[in-house]
Colleague: 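Please find one structure pasted underneath; my questions will follow.
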There are 2 protein chains.
Amino acid sequence: MDLRTAADTGTKARTRRAILDAAVTVLTADPAASLGDIAAAAGVGRTTVHRYFPERADLTTALQQMGWEHVVQATRRARLTEGTGADGLDRLCQEYFELGNVLMLVFNYSAPDGDVTWDCDPDSQSVLDLITRGHRDGSIDSTLTGPWIRDILWALLYAAWQQSRTGVASRHQALDSCLRALHKVVAP
Amino acid sequence: MDLRTAADTGTKARTRRAILDAAVTVLTADPAASLGDIAAAAGVGRTTVHRYFPERADLTTALQQMGWEHVVQATRRARLTEGTGADGLDRLCQEYFELGNVLMLVFNYSAPDGDVTWDCDPDSQSVLDLITRGHRDGSIDSTLTGPWIRDILWALLYAAWQQSRTGVASRHQALDSCLRALHKVVAP
DNA sequence: CGATAGTGGAACATCGATGTTCCACAGCGG
DNA sequence: CCGCTGTGGAACATCGATGTTCCACTATCG
């Protein structure tokens, strides 16, 4: 017998995923949305939400964890150890941009819930290492500290996503603007 | 007889101001804080808060209005019509940075309450005009649109204030980093 | 001194979100 | 077919925030 039951990849997993996905969408639009709103958006009953996440905190915790897993995977896909530091940063920006709403949620949930800023997560160090490599190979301005560049990256991504979300620019235009701004900032 | 009673500049004005100031501090830290928290931070009773702002919405409206007034005044102080476009943007960044928490509040309250983004306020046009002038006088990269540069400005300010607020950098260092990043982005 | 403005606090009603319980229904495999 | 699993919905209790009312206290000014 398996520790995880067979249903773990079946109906239950799908329902859980639907709730989490809906939560990302709804909570991004309104961080104070009720569980009923989330249930409605997920197309399930409020009871079902409570079945999967007994308390609201359980849901937000799961959301935060899922969000960070996405960020970690995106960081991995960016292959930070290949090419120059600036190249890696470029790929990282593109991967993060693809995360969309998940990114905004992780961004916003860092402060209010717990002060678990993005300093303490496992992949943050690899980003700082990337920047250090960029400092050494001359592709990143050495006068800009690692944490500051990382924060600029997130800030630019936030602004770019706002642009795309509000229809000021298309998704592609927003990403393009973001990448160019990042290039100019980190260039020595 | 005055339309505004004499007390308008006396005790009542001071109490009102204390409540608004406390609200800025508290709501910046936790946007979902209760009126009791705000009253305690202001050093007044919860009843008094209700006397000045009968409903929560009245308080948030007043906050938003006060915030925008500060922004407008800061924009005026930056004397956007003097010097090159880039110079004006530089001064604007410094003035906005000085607004501190008020800035963060205006920034955060743009989306959740009403969709009154910073496009519709009176001073926004003068900022866009400034950028257009920078495009013409060659001090600002013409391939970057006005709205995008304005959003970058806000995003960088947000990131810089986070740095200073979390103690990663001093206030002065944060502003310096912010200004240098802005310079590099807008440079043609 | 006496009136008035401004305030604080207690008490209360209300409302929405939350969390729990229970029951009914549908699908699916043995 | 029967039982199990997953679900939806109704009903209920609870809790915290909100908004209101009322009364007492203090300081200031005429």
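No hydrogens, no waters, no symmetry mates; every other heavy atom, side chains included, goes into these values. All chains are named by letter (A, B, ...) in the order of the sequence lines, taking the proteins before the strands, and each is independently numbered beginning at 1. All values derive from a computational prediction rather than experimental measurement.
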Colleague: Using whole Å, what does the distance between atom P of nucleotide D:dG19 and atom CD of B:Glu55 come to?
Modeller: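 Rounding to the nearest Å, CD of B:Glu55 and P of D:dG19 are 5 Å apart.
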Colleague: State which of C:dG6, D:dT18, C:dT18 makes the closest approach to the side chain of B:Tyr52.
Modeller: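 For B:Tyr52, the side-chain atoms sit closest to C:dG6.
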Colleague: Compare the minimum distances between each of D:dG6, D:dA17, D:dG19 and the side chain of A:Thr11, then state the nucleotide with the smallest one.
Modeller: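 Of all the options, the side chain of A:Thr11 is nearest to D:dG6.
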Colleague: Let me know the distance between CG of A:Leu35 and P of D:dG8, rounded to the nearest Å.
Modeller: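 Value for this atom pair: 15 Å.
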Colleague: Nearest whole angstrom, please: distance from the C1' of D:dG16 to the CG of B:Asp30.
Modeller: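 Nearest whole value for this atom pair: 14 Å.
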Colleague: So what does B:Phe53 hit on the nucleic acid, given a heavy-atom distance under 4.0 Å: a base, only sugar-phosphate, or nothing?
Modeller: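 No contact at all - B:Phe53 keeps every heavy atom at 4.0 Å or more from the nucleic acid.
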Colleague: Going by atom types only, do B:Asp151 and A:Gln162 share a side-chain donor-acceptor pair under 3.5 Å?
Modeller: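 The answer is no; no qualifying pair exists.
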Colleague: Could you work out which one of D:dT18, C:dG6, D:dT7 sits closest to the side chain of B:Thr15?
Modeller: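 Closest nucleotide to the B:Thr15 side chain: C:dG6.
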Colleague: Give the rounded distance in Å between these two atoms: NZ of B:Lys12 and P of D:dA27.
Modeller: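 Whole-Å distance recorded here is 20 Å.
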Colleague: Ion pair present between A:Asp141 and B:Arg180, side-chain N to carboxylate O less than 4.0 angstrom?
Modeller: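 Salt bridge flag = no for B:Arg180 with A:Asp141.
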Colleague: Is there a side-chain contact between B:Thr48 and the phosphate of C:dT7, meaning an N or O under 4.0 Å from OP1 or OP2?
Modeller: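 For C:dT7, neither OP1 nor OP2 has a side-chain N or O of B:Thr48 closer than 4.0 Å.
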Colleague: Kindly say whether A:Glu82 contributes a backbone atom to a donor-acceptor pair with the side chain of A:Arg91 at under 3.5 angstrom?
Modeller: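 Yes.
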Colleague: Working note: A:Arg51 + A:Thr15, criterion side-chain contact (heavy atoms from CB on, under 4.5 Å); need CA distance, chi angles, decisive distance, verdict.
Modeller: CA-CA 11 Å; A:Arg51 243 189 290 272; A:Thr15 303; over 6 Å; no
Colleague: Whole angstrom is fine here: how far is it from CD1 in B:Ile38 over to C1' in D:dT18?
Modeller: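 Checked: the CD1 to C1' distance equals 12 Å.
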Colleague: So, for A:Ala86 and A:Ser139, which heavy atoms are closest and what is the spacing to 0.1 Å?
Modeller: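 What the structure gives for the nearest pair is N-OG, 3.0 Å.
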Colleague: Using a 4.0 Å heavy-atom cut-off across all strands, classify A:Thr47 as base, sugar-phosphate, or nothing.
Modeller: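 It contacts base atoms.
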Colleague: For B:Arg46 and for A:Val44, find the nucleotide of DNA chain D with the closest heavy atom, then tell me which residue's nucleotide is more 5'.
Modeller: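 Nearest-nucleotide comparison on DNA chain D picks A:Val44.
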Colleague: Rounded off to whole Å, could you give me the CG-to-P distance for the A:Asp58 and C:dT18 pair?
Modeller: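 My rounded result for the distance is 13 Å.
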Colleague: Atom NE2 of B:His50 to atom P of C:dT7: distance rounded to whole Å?
Modeller: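 Taking atom P of C:dT7 as the reference, NE2 of B:His50 is at 15 Å.
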Colleague: Can you measure B:Arg56 atom CZ to C:dG16 atom P for me and round it to whole angstrom units?
Modeller: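 Computing the B:Arg56:CZ to C:dG16:P distance gives 16 Å.
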Colleague: Whether the side chain of B:Arg14 and the base of C:dG6 hold a donor-acceptor pair under 3.5 Å is what I'd like checked.
Modeller: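 In this structure, the two groups form no donor-acceptor pair.
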Colleague: Base of D:dG19, side chain of B:Arg51 - is there a donor-acceptor contact under 3.5 Å?
Modeller: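 Per atom types, no contact qualifies.
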